[in-house]
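The chains referred to below are lettered A, B, ... by the order of the sequence lines, with proteins before strands, and numbering in each begins at 1. Worth saying up front: this structure is predicted, and the values here are computed from it rather than measured.
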Amino acid sequence: MDFAALSRRRLIVTGLPALILGLSLRPAHAAPPPRTLTAMREFAGGVAPMNGRVLLDIPPLVENGNSVPLTVSVESPMTETDHVAEIALFSERNPLPDIARFRLGPRCGQAWVMTRIRLGDTQTIHALARMSDGSVRAASAELLVTLPACIEG
Amino acid sequence: MTSRRFSTALIAALIAAMTSAPASSEAGDGRRSGYLFMSPQTRAMQDDDMANPGMLTVLEGAELWSRPTGPAGRSCADCHGADGSGMRGVAARYPAFDVAEGKPVDLAGRIRKCSAEHLLIEPPAFESRPLLALMTFVAHKARGTRVTTGEDPRLSRGIETGRGLWRTRFGQLELSCAQCHDDNAGRRLGSAPIPEAHPTGYPIHRLEWQTVGSLQRRIRGCLTGVRAEPFPYGADELIALELFLMDRARGMPMETPGVRP
Amino acid sequence: MSRALIHVPPRARAGEIIEIRTLVQHPMETGFRPLPEGGFVPRLILRRFECIYDGAVVFAAELHPAVAANPYIAFRLRATRSGGILFRWIDDQGAVREERAGIEVI
């Protein structure tokens with residue numbers, strides 16, 4: 001399945017901007033801090049995550065870190081025997097590394113989730129997907145968080 | 001697929017989304033709503049009623065609208081109709097001249113007056129959740145209608161007071177509203193674009209606040225930004241500024257609930 | 001009491017993949033926000049979200065303080081049977097909020 005095309009179609013239907021589909025796949029430059037690594041390892045359960053199949057779509061430049069729209073999709077047939085079981089999001093610079101986890105199954109039909117998250121700072125975000133066979137796929141995206149001009153108090 | 005081609009598709013999609021938005025945000029004479037200064041992501045949040053958090057406040061207001069309160073067990077709905085459809089367009093002509101007070105009253109003030117005089121209750125505090133919910137509910141009924149505030153000649157004195165304040169330099173930074181919003185609109189302050197300060201989306205859901213807030217709160221924020229002591233909520237000065245801004249936006253469509261960064 | 005907005009298409013063909021969008025009113029108080037008088041605003045977040053359809057939990061989420069206030073969660077489902085779809089949010093203190101929507105599968 002062509003996930004890029006899928007995402008673009010959604011965009012035309014709803015006007016939701018998947019602006020940087022291409023850019024968001026940039027690999028992170030530096031290794032994640034230890035607590036983020038620990039949380040990701042715990043999720044992966046000893047399996048080494050592989051790149052590919054996960055699309056993390058998040059704007060590269062964010063107006064306000066209090067609400068950052070994000071979409072994760074994973075290439076998968078979503079059948080009883082071959083599906084995405086869980087998707088997890090991790091932050092490198094928030095007070096806690098965990099952002100959210102989503103449990104999916106064959107009845108979802110597609111491994112696709114959209115939500116809004118808080119990011120205190122410019123940073124790299126990681127999306128990990130655990131497949132029904134136990135393998136783990138990963139993607140990450142860097143983004144720049146700017147601040148509004150007039151903050152109260 | 002090249003990312004270049006992708007962005008062409010994106011721009012086409014956004015233009016489509018913009019023209020189909022509930023209210024077009026340009027007056028046609030070059031005045032631009034703050035909506036047009038936002039990122040595509042934040043615009044999308046405003047455009048989709050299922051994604052705009054301000055719509056939750058509209059729902060909250062709808063509940064309060066028909067909830068009986070006070071010694072007489074009355075609700076707003078008893079006098080103004082169950083679905084509030086009588087409020088269509090009302091917020092687009094506020095602040096309005098109040099004969100009894102002999103001065104302009106804004107939507108918050110009008111709702112507080114109805115609470116005190118007609119529901120016989122202690123009026124909800126400025127910027128309190130119930131007041132904001134009722135304001136957002138009422139102003140949402142005006143979404144898409146054009147601002148007419150200022151047509152009433154009794155308001156001209158208040159508008160002039162507002163214009164004077166707009167041009168007054170405030171705070172340690174000694175900056176006037178006009179210096180930023182007239183002379184430098186479209187430029188950036190740090191990374192934030194300076195909008196033209198049109199009040200057409202209020203109350204707004206501001207991402208920075210993580211909740212809904214009034215035009216007075218927004219103006220107070222700009223006063224704090226120039227390191228001035230902000231006028232207290234409900235002050236005549238704030239109402240004069242609201243009045244001036246609404247008159248300046250006359251003819252522009254209301255967008256409530258707007259979303260702003 | 002909080003409010004929620006749920007979008008479920010009213011009708012779908014059997015087997016069709018539909019998009020569900022949910023928005024619920026909640027401050028998602030992180031526990032990291034300092035109080036002016038010292039200390040922190042106590043944490044209060046929605047911890048869990050689940051969607052129950054055609055006899056099973058078909059989608060669930062575990063939320064942390066990094067989820068934005070008024071959590072927005074959209075996901076996809078395969079339409080299998082006409083009936084109700086139940087949405088449930090559970091906060092730190094165990095308070096439960098539920099919302100229902102119906103779908104007709106043709």
Note to self: The test is side chain to side chain contact (heavy atoms under 4.5 Å, CB included); show your working for C:Ile18 and A:Gln110 and say whether it passes.
What the structure shows: CA-CA 9 Å; C:Ile18 56 169; A:Gln110 268 173 16; over 6 Å; no
Check: Checking C:Pro71 against chain A: side chain, backbone, both or neither under 4.5 Å from a heavy atom?
Finding: neither
Notebook entry, point to check: Which atoms of C:Thr80 come close to chain A, meaning under 4.5 Å heavy atom to heavy atom: side chain ones, backbone ones, both, or neither?
Noted result: side chain
Next item on the list: Identify which part of C:Ile20 has an atom lying under 4.5 Å from any heavy atom of chain A, answering side chain, backbone, both or neither.
Entry: neither
Next item on the list: For chain C, find which of A:Val68, A:Ile99, A:Leu70 contributes the most heavy-atom pairs closer than 4.5 angstrom.
Entry: A:Ile99
Note to self: Would you compute the distance between atom CD1 of A:Ile87 and atom CZ of C:Phe75 and round it to the nearest 0.5 angstrom?
What the structure shows: 12.5 Å
Notebook entry, point to check: How long is the span from the CD1 atom in C:Ile17 to the CH2 atom in A:Trp112, to the nearest 0.5 Å?
Noted result: 12.0 Å
Check: At a heavy-atom separation under 4.5 Å, does C:Ala79 approach chain A through its side chain, its backbone, both, or neither?
Finding: neither
Note to self: Under 4.5 Å from any heavy atom of chain C, what part of A:Ser67 do you find: side chain, backbone, both or neither?
What the structure shows: both
Item checked: Residue part contacting chain A, namely of C:Tyr53, when any heavy atom lies under 4.5 Å -> both
Next item on the list: With rounding to the nearest 0.5 Å, note down the distance linking OG in A:Ser73 to CZ in C:Arg76.
Entry: 8.0 Å
Notebook entry, point to check: When you look at A:Arg116 and C:Ile73, which way does the side chain to side chain contact (heavy atoms under 4.5 Å, CB included) test go after all the steps?
Noted result: CA-CA 8 Å; A:Arg116 296 177 190 150; C:Ile73 302 175; over 6 Å; no
Check: How far does CZ of A:Arg107 sit from CZ of C:Phe59, to the nearest 0.5 angstrom?
Finding: 14.0 Å
Notebook entry, point to check: Taking A:Arg101 for the side chain and C:Leu63 for the main chain, is one N or O donor matched with an acceptor at less than 3.5 Å?
Noted result: no
Check: What residue, out of C:Ala60, C:Gly15, C:Ala61, C:Pro36, has the most heavy-atom pairs lying under 4.5 Å from chain A?
Finding: C:Ala60
Checklist line | A:Asp98 side, atom CG; C:Glu62 side, atom CD - distance, nearest 0.5 Å | finding: 6.5 Å
